J.: 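Below you will find the structure I want to go over with you.
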Amino acid sequence: MVMEIGRLVFDVDVKEVGTDKKKVLNNRIAIKLNKDKTTFVDIVAWNGVAELIGKMYNKGNEVCVVGSLTNAKKKIGETEYDTVAILVDHIEFTHGNPKEVGKETENKDDDLPF
């Protein structure tokens, strides 16, 4: 079991795949290790968890993902790479996101260190 807290790196995009139209979300979280160091980890979520992330989160929002490590393939151009991702079983809500977007929080993403 793996639990990590990080901020979503990309715009949240839930896609339908296959003939049975399963939902999938592929994204990456930025995990702040210390003041000057951040690491990035790919995440994959399916069906209900993918839909929940899609409804509740945006790029830059903090998310706590709980799941397991899985092998994955990533294609960049014509080259395919083996990689490791977190297969998200569920998410935990954190206090790292604004409850309402208003004048005080409108440009919070501009202040992100990554």
Side-chain angles (χ1 to χ4, degrees):
M1 175 93 30
V2 175
M3 177 186 281
E4 288 292 344
I5 297 175
R7 294 194 177 272
L8 291 168
V9 173
F10 304 116
D11 289 330
V12 177
D13 183 24
V14 178
K15 297 181 180 180
E16 289 185 352
V17 295
T19 56
D20 52 357
K21 300 197 180 219
K22 289 185 178 182
K23 309 276 197 246
V24 65
L25 170 120
N26 290 287
N27 209 307
R28 183 173 290 157
I29 57 173
I31 303 165
K32 192 166 179 94
L33 300 177
N34 61 38
K35 181 181 175 189
D36 300 321
K37 197 170 193 180
T38 301
T39 192
F40 298 88
V41 177
D42 290 332
I43 63 169
V44 178
W46 289 91
N47 299 318
V49 176
E51 290 178 302
L52 180 61
I53 295 170
K55 289 179 185 174
M56 301 298 294
Y57 293 92
N58 296 307
K59 175 182 173 180
N61 286 156
E62 183 179 85
V63 63
C64 178
V65 295
V66 180
S68 57
L69 296 178
T70 186
N71 292 320
K73 300 259 185 210
K74 181 179 272 189
K75 191 171 183 177
I76 301 174
E78 294 297 316
T79 307
E80 190 170 78
Y81 298 93
D82 290 322
T83 185
V84 175
I86 298 175
L87 179 59
V88 181
D89 293 328
H90 68 276
I91 59 171
E92 300 285 333
F93 290 96
T94 67
H95 297 287
N97 298 319
K99 293 182 181 175
E100 292 182 10
V101 175
K103 291 182 181 178
E104 305 82 21
T105 61
E106 193 170 40
N107 294 317
K108 281 290 186 189
D109 290 350
D110 295 342
D111 298 332
L112 293 176
F114 44 82

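One is the number of the first residue; the rest follow in order along the sequence. Side chains are part of it too, since the values below use all heavy atoms of this structure and drop only hydrogens, waters and symmetry mates. Treat the numbers as computed from the prediction; the structure is a model and nothing was measured.
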J.: Any sub-3.5 Å donor-acceptor pair from Asn27's side-chain atoms to Phe10's backbone N or O?
T.: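 Such a contact is found between Asn27 side chain and Phe10 backbone.
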J.: To the closest 0.5 Å, what do you measure between CG (Asn26) and CZ (Arg28)?
T.: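 Asn26 CG to Arg28 CZ: 10.5 Å, rounded to 0.5 Å.
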J.: My understanding is that only residues two or more places apart in sequence, or in another chain, count here; which of them pass side-chain contact (heavy atoms from CB on, under 4.5 Å) with Asn34?
T.: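 Partners of Asn34 by the side-chain contact (heavy atoms from CB on, under 4.5 Å) criterion, ordered by chain and then number, come out as Asp36, Lys37.
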J.: Which residues satisfy the side-chain hydrogen bond (donor to acceptor under 3.5 Å, both in side chains) test with Lys22, sequence neighbours excluded?
T.: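 Lys22 satisfies side-chain hydrogen bond (donor to acceptor under 3.5 Å, both in side chains) with no residue once adjacent residues are dropped.
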J.: Are any non-hydrogen side-chain atoms of Glu4 and Val41 less than 4.5 angstrom apart?
T.: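 Result no, sub-4.5 Å side-chain heavy-atom pair not found.
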J.: Should Val65 and Val44 be counted in the same cluster of Ile, Leu, Val, Met, Phe, Trp and Tyr side chains packed under 4.5 Å apart?
T.: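 No, because Val65 and Val44 fall into different hydrophobic clusters, even though each may have its own neighbours under 4.5 Å.
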J.: Holding to side-chain hydrogen bond (donor to acceptor under 3.5 Å, both in side chains), I want the full list of residues that pass it with Lys74, two or more places apart in sequence or in another chain.
T.: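 Lys74 satisfies side-chain hydrogen bond (donor to acceptor under 3.5 Å, both in side chains) with Asp42 only.
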J.: Consider only side-chain heavy atoms of I, L, V, M, F, W and Y, link residues closer than 4.5 Å, and tell whether Val17 and Val49 are in one cluster.
T.: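 No; tracing contacts between hydrophobic side chains, which count when under 4.5 Å, never links both residues.
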J.: Between Val66 and Met3, which heavy-atom pair has the shortest distance, and what is it?
T.: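 Closest approach of Val66 to Met3: CG2-CE, 3.6 Å.
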J.: Using the test side-chain hydrogen bond (donor to acceptor under 3.5 Å, both in side chains), find all partners of Glu92 that sit at least two apart in sequence or belong to another chain.
T.: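 With sequence neighbours excluded, Glu92 shows a side-chain hydrogen bond (donor to acceptor under 3.5 Å, both in side chains) to His90, given in chain and number order.
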J.: Rounded to the nearest 0.5 Å, what separation is found between the CG atom of Asn47 and the CD atom of Glu16?
T.: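 Nearest 0.5 Å value for the CG-CD distance: 10.0 Å.
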J.: Might you point out which heavy atoms bring Ile53 and Ala45 nearest each other, and give the distance in Å?
T.: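 Taking Ile53 first and Ala45 second, the nearest heavy atoms are CD1-CB, 4.1 Å.
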J.: Would you kindly confirm whether Leu33 and Leu8 end up in one hydrophobic cluster when ILVMFWY residues are joined by side chain heavy atoms under 4.5 Å apart?
T.: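 Yes; tracing contacts between hydrophobic side chains, which count when under 4.5 Å, links both residues.
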J.: With sequence neighbours left out, what residues match Thr94 under side-chain hydrogen bond (donor to acceptor under 3.5 Å, both in side chains)?
T.: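 Per chain and number, Thr94 pairs via side-chain hydrogen bond (donor to acceptor under 3.5 Å, both in side chains) with Glu62.
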J.: Would you mind reporting whether Tyr57 and Ile91 have side-chain heavy atoms less than 4.5 Å apart?
T.: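 Yes, side chains in contact.
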J.: Under 3.5 Å, which donor-acceptor pairs link side chains of residues 81-89 to any protein atom two or more places apart or in another chain?
T.:
unit_1, atom_1, unit_2, atom_2, d
Asp82, OD1, Lys73, NZ, 2.7

J.: Got a sec, which residues hit side-chain contact (heavy atoms from CB on, under 4.5 Å) with Asp13, two or more places apart in sequence or on another chain?
T.: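 Result, side-chain contact (heavy atoms from CB on, under 4.5 Å) vs Asp13: Lys15.
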J.: Where is the tightest heavy-atom contact between Val24 and Ala50, given as atom of each residue plus distance?
T.: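 Heavy atoms only, the tightest pair is C-CB, 4.1 Å.
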J.: Are Val2 and Ile31 connected in the hydrophobic side-chain network, where two residues link if heavy atoms are under 4.5 Å apart?
T.: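 In one cluster: yes.
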J.: Kindly work out whether a path of hydrophobic side-chain contacts (I/L/V/M/F/W/Y, heavy atoms less than 4.5 Å apart) joins Val12 to Phe93.
T.: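 As far as the 4.5 Å side-chain criterion goes, Phe93 and Val12 are connected within one cluster.
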